[in-house]
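Quick caveat, the model's predicted, so the values are computed rather than measured.
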Amino acid sequence: MTDDPAPPPRDLSTGIALDELDGGRIVTGRIGDDEVIVLKNGDDVVAVGAHCTHYHGPLAEGLVVDGTIRCPWHHAAFCLRTGEAVRAPALDAIACYRVERQGARVIVHGKTEPPARPRLGDAPKSIVIVGGGAAGLAAADMLRREGYDGALTMLSADASPPVDRPNLSKDYLAGTAEEDWIPLRSPDFYRENRIDLVQNALVASLDVAAKKVALDDGRTFSFDALLLATGAEPIKLDVPGAAPSQLHYLRSFDDSRAIVAKAQHAKRALVIGTSFIGLEVAASLRTRGLAVHVVGPDKVPLERVMGAEVGALVRTVHEEHGVTFHMGTTVAQVDGTRVRLADGTALEIDLIVLGVGVRPALGLAERAGLAVDRGVVVDAYLQTSKPGIYAAGDIARWPDPHSGERIRVEHWVVAERQGQVAARNLLGQRVRYDAVPFFWSAHYDFVIHYVGHAEKFDKVDIDGSLAKRDATVTYRAKGRALAVATIDRDMASLRAEAAMEKATAAR
């Protein structure tokens, strides 16, 4: 006996009863071929596209906060009035539709025109962005969205245009995402938006007084304002006996391609390090069918960041998929395909990937005389110690209003959101960076969402069941909630983020 087919989507052009939207309910239907959601935004009724423009997340399962709707998957936010993507990781707007009230019914009509780009008055004549990662691309995108019409140059050390870096250790490495999914923008985007993207651009010096950037090949670029978004570099290990060609790190698209190429002919992989990247690589290589061993010096994976209980669960998830862990030890010697661990374990390995963390790329900032303290020191507006020079992403160390500490965070979404705020401040808007840090980590079909930032915590509260993979985990220090991790509780994660925002605003 087969299940009954799902009913066809409602035709919203025929109308719905207004009271169907009471209590914050969201109605899903169609206008022509478009899937659309209808909901209340204060006293108004709005109709917008049903899916996030980032990874197509279902906005009907999202959270409405202060005139925006937030995606349950990766916390992008869209303005319900204009459809604009006001918070990364989504960069593109959702469609808006015309709504008509007829008594106690609501009729949805066709799409409305997107709002015109603003026209700026005073603005820098030229802006240079040093960096081709998350922060740099998000900043360039926002500058044009905000109506900036001056010269805009991106200097990227990468050989590839800006890419969806989280995918490099997840779906692309696992073989479930096509290569053409990985670029964040098409070549047409840079041409149409007059963004001069210079690839393989190794910046040798930054002259703040002269307002010039020099590349190692002698080319120079002048600027009126500059964003420093040089990102981070993988920590390199000296692995006894290993040839450099045997050791793979994952940061760029080329790095991921190299691992994929090696994995196609390998049967056994060793992942050194139990960082999020290392464990995501382990999951991806298992998805490809390789036997995977993970070695790390700690007793429990991710214990420092996630606590012993969640770390143990992550290990269990991997072991259920066939990963073998060697914890509390290190690699003592590599001899061709033979690897000996410090505890005496001998392994035959065809592929070695290291995931032991990254360090911020601070050399350029230090040589330019910017204030540096375990990152480039910035104020609440992401401006460095030199006026007109801003920093965003993995290098920025900013005063976080939620924790009350100056922090630096190596998360993709944080970098994008900082790039967006920095762009607006390059245009003189004086916008504080006060977003709650957020990241997600995927291992097979197991996903963790994490909001907030807890460098240290003294108490872990677990609501729900880790064993059943249905839990909210709160990390506290001196009784104060600093961060919340959720497993299979998307709405709880959105609500935790909104609550942190509200608590900070009230202080």
Side-chain angles (χ1 to χ4, degrees), residues 165-166 168-170 172-174 231-306 308 310-312 314-319 321-360 394 410 441-444:
R165 185 167 285 142
L168 299 183
S169 61
K170 298 180 177 75
Y172 178 73
L173 187 58
E233 302 162 340
I235 295 173
K236 303 292 182 73
L237 288 184
D238 180 16
V239 181
S245 61
Q246 287 182 277
L247 304 179
H248 292 268
Y249 297 85
L250 179 51
R251 187 67 181 174
S252 68
F253 200 2
D254 283 348
D255 292 339
S256 192
R257 286 184 178 122
I259 297 171
V260 168
K262 190 68 177 287
Q264 290 173 346
H265 305 286
K267 294 182 179 179
R268 300 150 302 191
L270 175 66
V271 176
I272 301 175
T274 56
S275 65
F276 283 107
I277 290 292
L279 292 174
E280 289 175 358
V281 167
S284 294
L285 295 178
R286 278 300 297 140
T287 300
R288 285 185 173 270
L290 278 69
V292 177
H293 294 262
V294 174
V295 60
D298 300 324
K299 292 182 180 179
V300 179
L302 303 175
E303 181 176 8
R304 184 184 64 81
V305 179
M306 306 297 294
V310 175
V314 172
R315 174 173 179 167
T316 296
V317 169
H318 280 271
E319 289 177 334
H321 286 81
V323 173
T324 302
F325 282 84
H326 306 272
M327 301 303 297
T329 190
T330 58
V331 175
Q333 186 71 32
V334 174
D335 183 8
T337 61
R338 188 171 180 82
V339 175
R340 179 172 55 83
L341 304 184
D343 64 5
T345 301
L347 303 170
E348 284 291 329
I349 296 297
D350 307 306
L351 169 62
I352 301 175
V353 182
L354 292 92
V356 293
V358 297
R359 59 169 57 94
D394 292 352
E410 296 160 356
S441 185
H443 312 253
Y444 318 99

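Judged by distance alone, with hydrogens and angles left aside, the side-chain atoms of R286 form a donor-acceptor pair with the main-chain N or O of L290 at under 3.5 Å. Distance alone, capped at 3.5 Å, is enough to place a donor-acceptor pair between the R165 side chain and the R251 backbone. Formation of a donor-acceptor pair under 3.5 Å by the S256 side chain with backbone atoms of L168 is found in this model. Judged purely by atom type and a 3.5 angstrom limit, T287 has no side-chain atom pairing as donor or acceptor with the backbone of A174.
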- request: Test side-chain contact (heavy atoms from CB on, under 4.5 Å) on L351 and H248 and set out the steps.
  value: CA-CA 8 Å; L351 169 62; H248 292 268; 3.6 Å; yes
field: salt bridge (Lys or Arg N to Asp or Glu O under 4.0 Å) between K299 and E303, worked out
entry: CA-CA 8 Å; K299 292 182 180 179; E303 181 176 8; over 6 Å; no
- prompt: Would E348 and R338 satisfy salt bridge (Lys or Arg N to Asp or Glu O under 4.0 Å), going step by step from the backbone distance to the final call?
  reply: CA-CA 5 Å; E348 284 291 329; R338 188 171 180 82; 3.6 Å; yes
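Closest heavy-atom contact between A269 and L285: CB-CD1, 3.8 Å. When all heavy atoms of V331 and P240 are compared, the closest pair comes out as O-CD, 4.2 Å. The two atoms that bring T330 and P297 nearest to each other are CG2-CB, 4.4 Å, heavy atoms only.
Under 4.0 Å is where a charged nitrogen must lie from a carboxylate oxygen, and between K267 and D350 no such pair does. Under the 4.0 Å criterion applied to side-chain N and carboxylate O atoms, R257 and D254 are assigned as salt-bridge partners.
Using a 4.5 Å heavy-atom threshold, the side chains of V260 and R288 count as touching. For the pair T337 and I349, the minimum side-chain heavy-atom distance is 4.5 Å or more.
Taking the six-membered ring for Trp, H293 and F325 have ring centres at least 6.0 Å apart.
Classification of the H443-F276 ring pair by plane angle, with boundaries at 30° and 60°, yields tilted.
Contacts of L237 classified as side chain to side chain contact (heavy atoms under 4.5 Å, CB included), with partners at least two apart in sequence or in another chain: V239, Y249, I272, L354, V356. Residues satisfying the side chain to side chain contact (heavy atoms under 4.5 Å, CB included) criterion with S275, sequence neighbours excluded, are I277. Legend: residues meeting side chain to side chain contact (heavy atoms under 4.5 Å, CB included) with T329, ordered by chain and number and at least two apart, are V295, H326, L341, A342, D343.
Of the residues listed (V294, V323, T324), the one engaging H318 in a side-chain contact (heavy atoms from CB on, under 4.5 Å) is V323, and it is the only one.
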